[in-house]
Peer 1: 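The following block contains the structure, expressed as structure tokens.
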Amino acid sequence: MSVLRLESVRREIGDFVILDGVSGAIARGERVGLVGANGSGKTTLLRLIARRDEPDAGRITTARGVRSGLLSQEAVSDPALTEAASVRMAVRAGAHPVEELERRLARMEGAGAAGVESAEYAEARDRFETLDGYRLDQRVDEALSGLGIAAADWAKPIALLSGGEQTRVALARLLVQDPELLLLDEPTNHLDLAALEWLETALVRRHGALLVASHDRASLDAVATRIWELRDRRLEAFRGDYSAYLLQREGRDARQRKDAEVGAAAVQREQELIARYRSHRKFTQMHEHERRLDKIRQVDAPRRQARLTVGSSGLVGGAPVRSGDLVIGLEEVVVGFPPAIQGGPPVAIAAVGLLEARRGERIGIVGPNGAGKTTLLRTIGGELAPLAGFVRTGAAVQAGYLAQIRERVIAGATVLDALLAVVDVDNGPARSYLARFLFRGDEVHKQVSDLSGGERSRLELALLGITAANLLLLDEPTNHLDIPAREALESFLRSSTATQLIVSHDRRLLEHVCQRLWVVEPGSTGEPSKVAAFEGGHREWRAAVAGGWSVASELARLARRTNGRGHLAIAPAANGRVRGAAPTDAATVPPRPRPTRPTPLSKDTYRRQMTVVETDLTRLGLRKSQLELALDGARTDYVALRRVSSELADVDAALAQAEEAWLALEARAPR
């Protein structure tokens, strides 16, 4: 039985037709994903179904007694949320019928034995149990914690939360309300990976129907049992999840193109015959072919969608230059904000040991919201100075940084002005470049202040790519982008030779682009977050986490491996850059005595360990030579002389330890 039915729905705004002849139905318990390019009408359709707007033609019907609830992308404005005394009370009030029954039962229980023994009480209690009222508080707590709302914020008024947190509270309220028809517009915005996975599980466990508009392909695969696609103002339905939809969509488009070609060829053939018989004055045959021409059903070939194109070369400067092998090195870095700026604890992340990004690597930075990923990326990009340790930038590194928070003012009134304010080029090349980012024709004259979230993201990407960079620092680059734009961006990132550090919750992006990860894990109360490298992609990391891997366990393993001595960062070439707090004197670690009777290693273990040690010896020897040359050139610069001398001493100590390790391994060579 259908809970929702659409019949030839049409919606216009002014002279522009957004939806035309849209028909479809959703059955009880069905989970439907709604996809389409930005501007295709997904939000409009959801608002029509939720009765926020009315269609200009057609009909929308829901089954009798069916409640619906809509989570919109707009700022939270529901008085039931904004006027609630606390976040928890706002979410609990989503189950209003349950709360009413709860108060009614309490009144009857307060009336004594007569109230409790009445038929009215028995009926109300049965209804309360049916609505799972005894688990209401547990459901509220699960929704808030599952969606990443900290327990310390539950007692706050919702007005004190950020916009993203308010949206998550509104989503928690809807899940507690549990309407028969749940309508969600981009619910995965503002969710980290843990909250995404919790939400997907919660949606699958629901018994009610679901219609969710989303650009998150992984979530659609996890949740949807059917896909609705809005394209060219029409709605088409597909069976299965998003991956199944892609295969069906490709097959349908191929058949439609073939049918269009066959139809066009038949029309052309009939027109030629009509012209021939007319010229020969054979009107009977001519009229016969005219009738046959009228019966041919014309099929329009699917229009090819304009796609975002991110080129490997910039608008100016051509392709990026080749950087040094070491692009970024973090040595015992502590990042965050001083108390005078932040008003709180100064430390956001303490990176133990050494983290390195080498030329051409694509590294994803993952972790919960608020763990400090953006702060870490801003420190690497030079926007923030580290509170301790060093950020080493390699030779010839040219960085491009795309921030997550994109509300900052963009110079220029229009899209074209914004580009010309950054680079001095003629209008022709500027317009051609903007066309790669889907700003075509009069769209280049759109006011920047009127751009949608997706359009602004495309403009930010265009400004990022003006000069080709060999280091890309990307903070949630797929925010507000539709699926075709996300796929185009992924294709560019996979083919780019630039080193990439990408903060993202987009699992498909992480799986398809990133070769390894830096995982940020929040510390306990009052402690900074920690970060460790994971040698593998997103799928491998999730499997490892399920098996017990954590940042803490990885750091403990590294500490045991280095016997408490930690890692020593290898600085970039002499023309690289070093940013950091003043160096501290490292404790001198005495060399370990070699065992008197060393146990031989297996061939594989010996070869693997010897490769590591010999690599360290080569790298340290090269760095020592570079520092000795730099030392000669820094005789008149006391600050540089002190820094180079200090690093040279560290390298000498590390070189001695590496030589000792080589001797120890050689003594344990397989017989």
Side-chain angles (χ1 to χ4, degrees), residues 1-5 26-31 49-52 60-71 76-147 149 151 153-159 166 168-184 187 198-199 201-211:
M1 179 180 176
S2 298
V3 296
L4 172 70
R5 184 170 295 277
I26 298 178
R28 290 189 184 276
E30 195 172 27
R31 301 189 301 273
I49 295 171
R51 300 293 194 266
R52 302 278 181 91
I60 300 174
T61 57
T62 54
R64 181 176 298 177
V66 167
R67 297 173 302 129
S68 65
L70 170 65
L71 176 77
V76 175
S77 57
D78 184 357
L81 274 172
T82 56
E83 297 175 6
S86 69
V87 166
R88 195 176 189 283
M89 291 180 65
V91 173
R92 197 178 195 276
H96 180 69
V98 179
E99 286 195 325
E100 283 293 324
L101 275 173
E102 189 177 48
R103 287 190 286 267
R104 184 177 165 195
L105 288 170
R107 285 195 300 270
M108 286 187 285
E109 289 167 355
V116 174
E117 294 172 0
S118 66
E120 182 185 1
Y121 180 83
E123 180 186 353
R125 188 180 62 184
D126 290 342
R127 177 64 176 161
F128 189 72
E129 289 178 353
T130 301
L131 294 175
D132 202 16
Y134 291 110
R135 290 187 63 254
L136 176 57
D137 288 317
Q138 181 181 345
R139 287 162 49 205
V140 170
D141 294 350
E142 287 175 352
L144 285 169
S145 58
L147 292 174
I149 304 297
D153 294 333
W154 294 0
K156 295 179 180 178
I158 192 171
Q166 291 183 18
R168 281 183 275 154
V169 171
L171 177 56
R173 177 187 171 91
L174 273 176
L175 294 174
V176 169
Q177 178 184 341
D178 197 22
E180 288 87 349
L181 176 59
L182 181 59
L183 309 170
L184 303 179
W198 182 89
L199 176 62
T201 302
L203 293 178
V204 169
R205 287 177 177 171
R206 288 184 72 252
H207 298 295
L210 170 70
L211 179 59

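These numbers come from the heavy atoms of this one structure, side chains and all, not from hydrogens, waters or symmetry mates.
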Peer 1: Checking Glu129 side chain against Tyr134 main chain: does a donor-acceptor pair fall under 3.5 Å?
Peer 2: no
Peer 1: Tell me every residue that passes side chain to side chain donor-acceptor pair (under 3.5 Å) with Arg206, counting only those two or more places apart in sequence or in another chain.
Peer 2: Asp178
Peer 1: Can you tell me how far CD of Glu30 sits from CG of Leu4, rounded to the nearest 0.5 angstrom?
Peer 2: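 Output value for this atom pair is 10.0 Å.
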Peer 1: Look only at the side chain of Glu180 and the backbone of Arg67, and say whether a donor-acceptor pair between them is shorter than 3.5 Å.
Peer 2: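 Confirmed, Glu180 side chain pairs with Arg67 backbone.
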Peer 1: May I ask you to check whether over 12 heavy atoms, not counting those of Arg51, lie within 6.0 Å of atom CZ?
Peer 2: yes
Peer 1: Using only atom types and a distance under 3.5 Å, with no angle test, would you say the side chain of Trp154 pairs donor to acceptor with the backbone of Ile149?
Peer 2: yes
Peer 1: Exactly one of Leu182, Leu183, Leu184 should register a side chain to side chain contact (heavy atoms under 4.5 Å, CB included) with Leu71. Which one does?
Peer 2: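 Only one option passes, and that is Leu184.
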Peer 1: In Å, rounded to the nearest 0.5 Å, how long is the span from OG1 of Thr61 to CD1 of Ile49?
Peer 2: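 Between atom OG1 of Thr61 and atom CD1 of Ile49 there are 10.5 Å.
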Peer 1: Out of curiosity, Leu70 CG to Leu181 CG, how far, rounded to the nearest 0.5 Å?
Peer 2: 9.5 Å
Peer 1: With rounding to the nearest 0.5 angstrom, report the CZ to CG distance, Arg31 to Leu211.
Peer 2: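 If we round to the nearest 0.5 Å, Arg31:CZ and Leu211:CG are 13.0 Å apart.
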Peer 1: Which residue pairs pass the salt bridge (Lys or Arg N to Asp or Glu O under 4.0 Å) test with at least one member in residues 98-118, sequence neighbours excluded?
Peer 2: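 As it turns out, the salt bridge (Lys or Arg N to Asp or Glu O under 4.0 Å) pairs with a partner in residues 98-118, which skip direct neighbours, are Arg92-Glu99, Arg92-Glu102, Glu100-Arg103, Arg104-Glu120.
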Peer 1: Treating Arg139 as the side-chain partner and Val176 as the backbone partner, does any N or O pair qualify as donor plus acceptor under 3.5 Å?
Peer 2: yes
Peer 1: Can you tell me if CD on Glu123 sees more than 12 non-hydrogen neighbours from other groups inside 6.0 Å?
Peer 2: no
Peer 1: Determine whether more than 12 heavy atoms belonging to other residues, nucleotides or ligands lie under 6.0 Å from atom CE of Met108.
Peer 2: yes
Peer 1: Do Val66 and Arg28 have side chains that get closer than 4.5 Å, going by heavy atoms?
Peer 2: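 Touching, per the 4.5 Å side-chain cut-off.
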Peer 1: Does Arg173 use its side chain to pair, donor to acceptor, with the backbone of Ala90 at less than 3.5 Å?
Peer 2: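 Looks like yes, one N/O pair under 3.5 Å.
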Peer 1: Looking at CG of Leu171 and CG of Leu175, how far apart are the two atoms once the value is rounded to the nearest 0.5 Å?
Peer 2: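 Output value for this atom pair is 4.5 Å.
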